[in-house]
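Everything on this sheet refers to the single structure shown next.
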Amino acid sequence: MVTLKDIAERTGVSVNTVSLALRGSPRVGQSTRERILESARALDYMPNHAAQALVKGRNMTVGLLLTDMTSPVLTLVAQKLEIELKAKGYVTLLAASNGDGAEEERALATFRARQVDGVLVYPNHRHELDGIRRLAASGMPVVLLAGKEVEGLDVVGIDEEHGSALAARHMIGLGHRRIGIIDSDRMTGNSEKIEGYRQALGEAGIPVDPALIVGPGGHSIAQGYAAMGALLRLPDPPTAVLSSTDRIAMGGLRWCQEHGISVPGDVSVFGYDNVEYAEAASTPLSSVNYPSDEIARAAASLILERIDHSGETPRRIILQPELVLRSSTGGCPAAS
């Protein structure tokens, strides 16, 4: 393994000068720095991160735990977090719980064993956080990426209840009274989106019909397809359907297309997350925007702050989502 001494001998300078040059110190002149960097490249020098960790007292690594590697919005946030952290010299160690509490515990244990400097977590279940709380209590900086109501932990996320209420209010404003919701989040202890739906209906004096609330049992397109079928086969079907993710909504759009249901002529469909393919759907999908750029910047900033200054009072950074309106939503057929 090439060492600083090897580079020093090749360039005829001291080991300390090599170290300063590789760290970008202004104490080394430009011509000397270029000579040292050229020698480092020629020798295929790789920094000894283990030694650096001993000196700095940190591994320059942040763990990131997702619930689902196939989720477009989560992988987008992961990409943006990796970019934000890399700019600060940190490597991202990625893991997924796959909706399994035991897998979440194993991933957290791996992060701790690898001695990462901090952990960013999309929790598997909003109300079952014992493992995450234990990790934080051990002194590990931890930031949750969901859970507006979580106490005692740092949280960066969006106001999902507000986003759902905005979507429901928009549909009510277009004349819809029979509004369904495909809610795939209850299985993870997240009631925020359905509470926003209930709130908006209550404000408008519209009774909540339990038959219009469907839990598809997951987040896949196929599950959204089946859930839309269950809603639109009702004796008194909805004229508008809200979905807890864009993937669910895409499945619903496909069911409508295959069964001759016009969107939005017969039923309006609203997604959630505003992922890239929402705009490219056969009927461009209206959606609640998930601000992935802002989430990544805020989460990266907070975890790095906690790595530098642990023990601070937990902070809650909750961003407000906005609606992105496209062709999948329109006026109520009965009101047209």
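Atoms considered below: every heavy atom in the structure, side chains included; atoms not considered: hydrogens, waters and symmetry mates. Quantities reported herein were computed from a predicted structural model and do not represent experimental measurements.
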Worksheet entry | Connected via hydrophobic side-chain network under 4.5 Å: Val155 and Val143 | no
Practice prompt. Using modelled atom types only, decide if a donor and an acceptor are shared between the side chain of Arg315 and the backbone of Val156 within a distance under 3.5 Å.
Written response: no
Worksheet item: What residues, two or more places apart in sequence or in another chain, satisfy side-chain contact (heavy atoms from CB on, under 4.5 Å) together with Ser262?
Response: Asp266
Practice prompt. Output the distance between atom CD1 (Ile307) and atom CG (Leu302), rounded to the nearest 0.5 Å.
Written response: 10.0 Å
Practice prompt. Using atom types as modelled and distance alone, determine if a side-chain donor or acceptor of Asp117 lies under 3.5 Å from a backbone N or O of Val62.
Written response: no
Discussion item. Quiz question: by atom type and distance under 3.5 Å, do the side chains of Ser31 and Glu34 form a donor-acceptor pair?
Written reply: no
Worksheet item: Does Arg35 come within less than 4.0 Å of Glu38, counting only side-chain N to carboxylate O?
Response: no
Worksheet item: Is there side-chain contact between Ser327 and Pro284, with at least one heavy-atom pair below 4.5 Å?
Response: yes
Fill in: Validation row: Leu108, Glu104 side chains within 4.5 angstrom (heavy atoms)
yes
Worksheet entry | Polar side-chain atom of Thr17 near backbone of Val13 as donor-acceptor pair, under 3.5 Å | no
Item to complete: Would you check if Met46 and Val2 make a side-chain contact, meaning some heavy-atom pair closer than 4.5 Å?
Response: no
Worksheet, complete the sentence: One should read off an interatomic distance between Leu166 CG and Leu323 CG, to the nearest 0.5 angstrom, of 5.0 Å
Worksheet item: Can you check whether Gln223's main-chain N or O pairs, donor with acceptor, with Ser220's side chain at less than 3.5 Å?
Response: yes
Worksheet item: Closest heavy-atom contact between Leu64 and Phe111?
Response: N-CZ, 3.6 Å
Practice prompt. Determine whether more than 12 heavy atoms belonging to other residues, nucleotides or ligands lie under 6.0 Å from atom CD of Glu258.
Written response: yes
Worksheet entry | Nearest heavy atoms of Pro26 and Arg33, plus distance in Å | CA-NH2, 3.9 Å
Item to complete: Would you please test Leu231 and Val241 for side-chain contact (heavy atoms from CB on, under 4.5 Å) and show each step?
Response: CA-CA 9 Å; Leu231 282 172; Val241 176; 3.8 Å; yes
Discussion item. Within the supplied structure, the quantity of interest is the number of heavy atoms (other residues, nucleotides, ligands) at a distance under 6.0 Å from Arg41 CZ; does it exceed 12?
Written reply: yes
Discussion item. If you compare all heavy atoms of Gly163 against all heavy atoms of Tyr272, which two are closest, and at what distance to 0.1 Å?
Written reply: CA-OH, 3.5 Å
Worksheet item: Heavy atoms, side chains only, cut-off 4.5 Å: are Leu285 and Val269 in contact?
Response: yes
Practice prompt. Sorted by first residue and then second, give each side chain to side chain donor-acceptor pair (under 3.5 Å) pair with at least one member in residues 73-88; sequence neighbours left out.
Written response: Lys80-Asp293
Item to complete: Could you grab the distance from atom OG of Ser301 to atom CZ of Arg306, nearest 0.5 Å is fine?
Response: 10.0 Å
Fill in: Nearest non-hydrogen partners of Ile181 and Ser164, listed with the distance
CD1-OG, 4.4 Å
Item to complete: Using the rule that two of Ile, Leu, Val, Met, Phe, Trp, Tyr join whenever any of their side-chain heavy atoms come within less than 4.5 Å, decide whether Leu153 and Ile303 are in one cluster.
Response: no
Discussion item. Under 4.5 Å between side-chain heavy atoms, counting indirect links through other Ile/Leu/Val/Met/Phe/Trp/Tyr residues: same cluster for Val73 and Leu253 or not?
Written reply: yes
Practice prompt. State, to 0.1 Å, how close Gly89 and Met60 come at their nearest heavy-atom pair, and which atoms those are.
Written response: O-CE, 3.6 Å
Discussion item. So for atom CD, which belongs to Gln115, do other residues, nucleotides or ligands contribute more than 12 heavy atoms lying within a distance under 6.0 Å?
Written reply: no
Practice prompt. Show your reasoning for whether side-chain contact (heavy atoms from CB on, under 4.5 Å) applies to Cys332 and Arg177.
Written response: CA-CA 8 Å; Cys332 177; Arg177 305 282 294 180; over 6 Å; no
Discussion item. Are the side chains of Val263 and Cys256 in contact, using a 4.5 Å heavy-atom criterion?
Written reply: yes
Fill in: Cationic N near anionic O, under 4.0 Å, Arg247 to Asp68
yes
Discussion item. Can a side-chain donor-acceptor contact be found between Thr239 and His176 if the only test is distance below 3.5 angstrom?
Written reply: yes
Worksheet item: Taking a hydrophobic cluster as the set of Ile, Leu, Val, Met, Phe, Trp and Tyr residues connected by side-chain heavy atoms closer than 4.5 Å, whether directly or through intermediates, do Leu65 and Tyr90 fall within one such cluster?
Response: no
Worksheet item: Do any N or O atoms from the side chain of His259 and from the backbone of Trp255 form a donor-acceptor pair under 3.5 angstrom?
Response: yes
Worksheet item: Do the non-hydrogen side-chain atoms of Ile295 and Tyr290 ever get within less than 4.5 Å of each other?
Response: yes
Worksheet item: Strictly by modelled atom types, are Ser286 and Thr329 linked by a side-chain donor-acceptor pair under 3.5 Å?
Response: yes
Discussion item. Given 3.5 Å as the limit, does a donor-acceptor pair link the side chain of Asp100 with the main chain of Ala102, or not?
Written reply: yes
Discussion item. Regarding Glu151 and Arg133, does a basic nitrogen lie under 4.0 Å from an acidic carboxylate oxygen?
Written reply: no
Worksheet item: Would a 4.5 Å heavy-atom cut-off, applied to side chains only, mark Leu242 and Ile179 as touching?
Response: yes
Worksheet item: Under 6.0 Å from the CD atom of Glu195, do we count more than 12 heavy atoms belonging to anything else shown?
Response: yes
Discussion item. With rounding to the nearest 0.5 angstrom, report the CZ to OG distance, Arg10 to Ser39.
Written reply: 5.0 Å
Practice prompt. Start with the C-alpha gap between Val288 and Asp273, add the side-chain angles, then the distance that decides, and say whether side-chain contact (heavy atoms from CB on, under 4.5 Å) holds.
Written response: CA-CA 5 Å; Val288 180; Asp273 292 334; over 6 Å; no
Discussion item. side-chain contact (heavy atoms from CB on, under 4.5 Å) for Gln320 and His162? Distances and angles first, verdict last.
Written reply: CA-CA 7 Å; Gln320 297 300 311; His162 178 65; 3.0 Å; yes
Response to the item:
In Arg198, Arg126, Lys148, the residue satisfying salt bridge (charged side-chain N to carboxylate O under 4.0 Å, His left out) with Glu192 is Arg126
Practice prompt. With rounding to the nearest 0.5 Å, note down the distance linking CG in Asp154 to CG in Leu145.
Written response: 11.0 Å
Worksheet item: Regarding Ser287 and Asp246, is there a side-chain donor-to-acceptor distance under 3.5 Å anywhere?
Response: yes
Discussion item. Quick check: do Val142 and Leu135 have side-chain heavy atoms less than 4.5 Å from each other?
Written reply: yes
Practice prompt. Please answer whether the main-chain N or O of Arg106 pairs with a side-chain N or O of Thr110 as donor and acceptor at a distance below 3.5 Å.
Written response: yes
Practice prompt. Measure across Ile182 and Met228 and return the closest heavy-atom pair with its distance rounded to 0.1 Å.
Written response: CD1-N, 3.9 Å
Fill in: Path from Ile318 to Leu129 over hydrophobic side-chain contacts below 4.5 Å
yes
Practice prompt. Taking atom CD of Glu203 as the centre, report whether more than 12 heavy atoms of other residues, nucleotides or ligands fall under 6.0 Å from it.
Written response: yes
Worksheet item: To the nearest 0.5 Å, how far apart are CD in Glu160 and CG in Leu319?
Response: 11.5 Å
Discussion item. So that I can tick it off, tell me whether Asp209 and Arg178 are bridged by a salt bridge, with the cut-off set at under 4.0 angstrom between side-chain N and carboxylate O.
Written reply: yes
Worksheet entry | Full working for side chain to side chain donor-acceptor pair (under 3.5 Å) between Ser19 and Asn16 | CA-CA 5 Å; Ser19 178; Asn16 185 56; 5.3 Å; no
